[in-house]
**Q** 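Have a look at the structure that comes next, please.
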Amino acid sequence: MEPSSLSDLLAIRRQKLDALHAADVAPFGRGFETDGAVADVRAKFAEAAPLRAAGRITAHRDMGKSQFLDLSDVTGRMQIFLHAKEVGDEAFAIFQNLDIGDFIGVEGEGFITKTGEPTIRVKRFEVLAKSLRPLPDKWHGVQDTEIKYRQRYLDLIANPASREVFGKRIAIVRAIRRFLEERGFVEVETPMMQAVAGGAAAQPFQTHHNALGMDLFLRIAPELYLKRLLVGGFPKVFELNRNFRNEGISRRHNPEFTMLEAYWAYADFEKMAGLVEELICHLAETICGGLQIAHRDADGNVVKMINLARPWRRARYADLIRGISPDWYELTPELRRARCSELGIDASHCVADFEVTQHLFEKLIEEKTMDPLFVTHCPKELVPLAKQNAEDPSVVDVYELVINGQEISPGYSELNDPIVQRRRLEDQSGGETQKIDQDFIEALEYGMPPAGGIGIGIDRLVMMLTGVESIRDVLLFPHMKPR
RNA sequence: GGGUUGGUAGCUCAAUGGUAGAGCAGUGCCCUUUUAAGGCAUUGGUUGAGGGUUCGAGUCCCUCCCAACCCA
């Protein structure tokens, strides 16, 4: 005859909390020695071996005098067996006040049940944290996207698929660091708050430093600081951390996102392309089970296959455009806009002529390219920080790596001529000289070695490698509108 | 910003304009090897918010809020 609306579910848990207090049991316990995370305990499991484990109760199978429970954390699940005769009547009475969701620590020994499940026979347990709210459905998990994103902890508790994606993300980030360190790159940290938000073309977030009385911007890229380190004598550096862009939120955009940038003195964009190809294949093979990446829909049907087998295709930007429209570069700007309409592309919002071409590229090449493609020799207007090509000064020595219909990684032969660099930045800034990082130009004037540089958008890389279609599914806490 | 779809119990989902339901969770009872445990019983609702049409609205109309997807 007990009610169970939410407030009543909460009230019942509060009553159990009070009962624990009344029995002189601390419902929010203290430290508890364990044999490691749940997965570690499972790995150490042996029949009759003493075992200590702690975790959240995520399932309860009540057989009367015999109680089977699952103890879980993000690493795994371990069954425990609790019996009145083993723990004593007093402890069994305390056990009656536990719920699914509570954290407990147990001490006991291993045994295998009739059905072959490794299990801890509990001799003693401690309440470590009482859960005052009910958990989501144990079988269906959390489906509501609002809850998944706003209360990620519930998603992690209830949805194994989410745990798997984030587990892979963690492994990918760790493997990237190891890969680069093994090749002599050192990880550095450069300013996230910058007086001039340089290194890319994007709207920055603005903030203010009170003591200095000056406006600062959250960085949109670390590039200009990493290049200062090339000037300073670091031959191989990288930074793997957050960038911020004050722009729209979408399936592929979050205002803060994680970027790898790496710079290699005396290398060029071709060498960087080889490095990135090797890195991504290494990640796929060691973390994602191979070079064939399957993307599945909610029912588990394969909707997309990405083939990462080497060598990856390389093609010049202009040749790809000619593949869509052979006479493109013979047309006047007006005729190019008309051609876009014929091809079903709306280029009306594009201002400059090169933007029309770029829009065509994005819609008809980038978005349709699933397997890796290095697009090389891009127009110089798109990339003000890269070296111009020796034979054709209208293009730069860069690649743009496209996989899964998205730009995953750019790589440059970095521009190290301070005079050309100043001119290119002035052209890009449209006369707004306060947007030019003068100190960076000055650093170049002291001399920066020729270098190859890369960026890799980690969120999009993880999306591609784990087969999820929204950036929110690879960010633990994606930005949401406030409630 | 525009379009489409959706928002029902704590969670997952039903419900021709005609008595708001199920499973899980919860509560009570039975069961000493269960594992989506099982059996019996039982509680739980401002149907996103506010208006309107109607004898009667979860369902139709309008406005707003939130989300997902598509477009810009």
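The structure displayed is predicted, hence computed values, not measured ones. Chain identifiers are assigned alphabetically (A, B, ...) following the order of the sequence lines, protein sequences preceding nucleic acid strands; residue numbering begins at 1 within each chain. Values below: all heavy atoms of this structure, side chains included; hydrogens, waters and symmetry mates excluded.
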**Q** Just name whichever nucleotide pairs with B:rA37, Watson-Crick or G-U, keeping both distances under 3.5 Å, else none.
**A** none

**Q** So, are A:R424 and A:D427 salt-bridged, with charged N and O less than 4.0 Å apart?
**A**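 The answer is no: the pair does not qualify as a salt bridge.
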
**Q** Does B:rC11 have its OP1 or OP2 closer than 4.0 Å to a side-chain nitrogen or oxygen of A:R133?
**A**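 Answer no for this pair, as no side-chain N or O of A:R133 is under 4.0 Å from OP1 or OP2.
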
**Q** By nearest nucleotide on RNA chain B, pick out whichever of A:A59 and A:H83 is the more 5' one.
**A**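 Result: A:H83.
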
**Q** With C1' as the reference atom in both, quote the distance from B:rG51 to B:rU46 in angstrom, rounded to an integer.
**A** 16 Å

**Q** Ignoring hydrogens, what is the shortest heavy-atom contact between A:I220 and A:Q203? Give both atom names and the distance.
**A**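 Closest approach of A:I220 to A:Q203, heavy atoms only: CG2-O, 4.2 Å.
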
**Q** How long is the line joining CG of A:D62 and C1' of B:rA41, in whole Å?
**A** 16 Å

**Q** Distances for protein N/O vs nucleotides 21-24 of chain B N/O pairs under 3.5 angstrom?
**A**
| unit_1 | atom_1 | unit_2 | atom_2 | d |
| --- | --- | --- | --- | --- |
| B:rG23 | N2 | A:D137 | OD2 | 2.9 |

**Q** Categorize A:D70 for me: base, sugar-phosphate, or nothing, with a 4.0 angstrom heavy-atom threshold over every strand shown.
**A**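 The residue A:D70 makes no contact with any strand.
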
**Q** Suppose you measure atom C1' in B:rG44 against the same atom in B:rU12; what distance do you get, rounded to whole Å?
**A** 16 Å

**Q** Using a 4.0 Å heavy-atom cut-off across all strands, classify A:K148 as base, sugar-phosphate, or nothing.
**A** nothing

**Q** I'd like the P distance from B:rU43 over to B:rG23, given in whole Å.
**A**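 One P to the other, the span is 13 Å.
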
**Q** Quote, to the nearest angstrom, the P distance that separates B:rA57 from B:rU19.
**A** 12 Å

**Q** Return yes if some donor-acceptor pair links the side-chain N/O of A:W312 with the main-chain N/O of A:L308 below 3.5 Å, else return no.
**A** yes

**Q** Checking A:E256 against A:H479: is there a side-chain donor and acceptor pair closer than 3.5 Å?
**A** yes

**Q** Could you state the CG-C1' distance from A:L69 to B:rA36, rounded to the nearest angstrom?
**A**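 My rounded result for the distance is 15 Å.
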
**Q** Strictly distance-based, threshold 3.5 Å: is any side-chain N or O of A:K44 a donor or acceptor partner for the main-chain N or O of A:D35?
**A** yes

**Q** Can you tell me, in whole Å, how much space there is between the P of B:rU8 and that of B:rG58?
**A**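 To the nearest whole Å, 15 Å.
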
**Q** CD of A:E146 versus C1' of B:rC11: gap in Å, rounded?
**A**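 Result: 15 Å.
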
**Q** Which base sits across from B:rG17 as a Watson-Crick or G-U pair, both distances under 3.5 Å?
**A** none

**Q** In the structure shown, which nucleotide is the Watson-Crick or G-U wobble counterpart of B:rC69, with both distances under 3.5 Å?
**A** B:rG3

**Q** Find the partner of B:rG50: check Watson-Crick (N1-N3 plus N6-O4 or O6-N4) and G-U wobble (N1-O2, O6-N3) distances, both under 3.5 Å, and reply none if neither fits.
**A** B:rC62

**Q** Just how far, in rounded Å, is C1' of B:rU34 from CE of A:M78?
**A**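 Taking CE of A:M78 and C1' of B:rU34, I get 14 Å after rounding.
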
**Q** Using a strict 4.0 Å threshold on nitrogen-to-oxygen distance, state whether A:D99 and A:K130 make a salt bridge.
**A** yes

**Q** Under 4.0 Å between a side-chain nitrogen and a carboxylate oxygen: does that hold for A:R296 and A:E469?
**A** no

**Q** Taking donor-acceptor contacts at under 3.5 Å, does the side chain of A:T113 reach the base of B:rU34?
**A**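 Answer yes: a donor N or O sits under 3.5 Å from an acceptor.
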
**Q** Is the phosphate of B:rA37, meaning OP1 or OP2, less than 4.0 Å from a side-chain N or O of A:R61?
**A** yes

**Q** B:rU32 and B:rA37: how far apart are their C1' atoms, nearest whole angstrom?
**A**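 Between the two C1' atoms, the distance is 14 Å.
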
**Q** State whether A:F32 and A:R52 meet the cation-pi test: NZ (Lys) or CZ (Arg) under 6.0 Å from the six-membered ring centroid, and within 45° of the perpendicular axis.
**A**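 Flagged: A:R52 positioned over aromatic ring of A:F32.
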
**Q** If you look at every strand shown and take non-hydrogen atoms under 4.0 Å, does A:F81 touch a base, only sugar-phosphate, or nothing?
**A**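 Contact class for A:F81: none.
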
**Q** Ignoring hydrogens and angles, answer whether the base of B:rU34 and the side-chain atoms of A:E117 contain a donor-acceptor pair closer than 3.5 Å.
**A** no

**Q** Which atom pairs link the protein and nucleotides 69-72 of chain B when you take only N or O atoms and keep those under 3.5 Å?
**A**
| unit_1 | atom_1 | unit_2 | atom_2 | d |
| --- | --- | --- | --- | --- |
| B:rC70 | OP1 | A:R251 | NE | 3.3 |
| B:rC70 | OP2 | A:R251 | NE | 3.2 |

**Q** Distance to the ring centre below 6.0 angstrom and angle to the axis at most 45 degrees; does that hold for A:R152 and A:F477?
**A** no

**Q** Count the heavy atoms of every other residue, nucleotide or ligand shown that sit under 6.0 Å from CD of A:E33, and state whether that count exceeds 12.
**A** no

**Q** In whole angstrom, give the distance that lies between atom NE2 of A:H60 and atom P of B:rA36.
**A**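 After rounding, the reported distance stands at 15 Å.
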
**Q** Distance between the C1' atoms of B:rA22 and B:rC69, in whole angstroms?
**A** 29 Å

**Q** Look at the rings of A:F68 and A:F81 and say which category their plane angle falls in: under 30° parallel, 30 to 60° tilted, over 60° perpendicular.
**A** tilted

**Q** With the side chain counted from C-beta on, respond yes when A:L475 and A:Y149 share a heavy-atom pair under 4.5 Å apart, and no when they do not.
**A** no

**Q** Taking only nitrogen or oxygen atoms into account, show me every contact under 3.5 Å that the protein makes with nucleotides 45-48 of chain B, one pair per line with its distance.
**A**
none

**Q** Considering only the C1' atoms, how many Å lie between B:rC11 and B:rA25, rounded to the nearest integer?
**A** 7 Å

**Q** Using the rule given for ring pair (Phe, Tyr, Trp, His ring centres under 6.0 Å), can you reason through A:F361 versus A:Y317, listing the C-alpha separation, both sets of side-chain angles and the distance that settles it, and then say yes or no?
**A** CA-CA 8 Å; A:F361 171 81; A:Y317 185 91; 5.0 Å; yes

**Q** In whole angstrom, give the distance that lies between atom CG of A:D155 and atom P of B:rG10.
**A**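 Between P of B:rG10 and CG of A:D155: 20 Å.
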
**Q** 5'-most contact on RNA chain B: A:I100 or A:D144, nearest heavy atom basis?
**A**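 The residue whose closest nucleotide sits nearer the 5' end is A:D144.
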
**Q** Which nucleotide, if any, forms a Watson-Crick or G-U wobble pair with B:rG23, using both distances under 3.5 Å?
**A**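 Pairing partner: B:rC11.
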
**Q** In whole Å, what is the span from the CZ atom of A:F68 to the P atom of B:rA37?
**A**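 Interatomic distance, CZ of A:F68 to P of B:rA37: 12 Å.
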
**Q** Between A:Q194 and A:R219, do the side chains contain a donor N or O and an acceptor N or O under 3.5 Å apart?
**A** no

**Q** Tell me which nucleotide among B:rU32, B:rU33, B:rA67 gets nearest to the side chain of A:R121.
**A** B:rU33

**Q** Is it the case that the base of B:rU32 and the side chain of A:K85 share a donor-acceptor contact (distance under 3.5 Å, atom types as modelled)?
**A**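 Per atom types, the contact qualifies.
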
**Q** Above 12 or not: heavy atoms from other molecules or residues under 6.0 Å from CG of A:D327?
**A**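 Correct, the count exceeds 12.
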
**Q** Send over the distance from A:I157 CD1 to B:rG10 P, rounded to a whole Å.
**A** 18 Å

**Q** Looking at B:rA25, B:rU32, B:rU33, which one has an atom nearest to any side-chain atom of A:F111?
**A**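 Closest of the options to the side chain of A:F111: B:rU33.
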
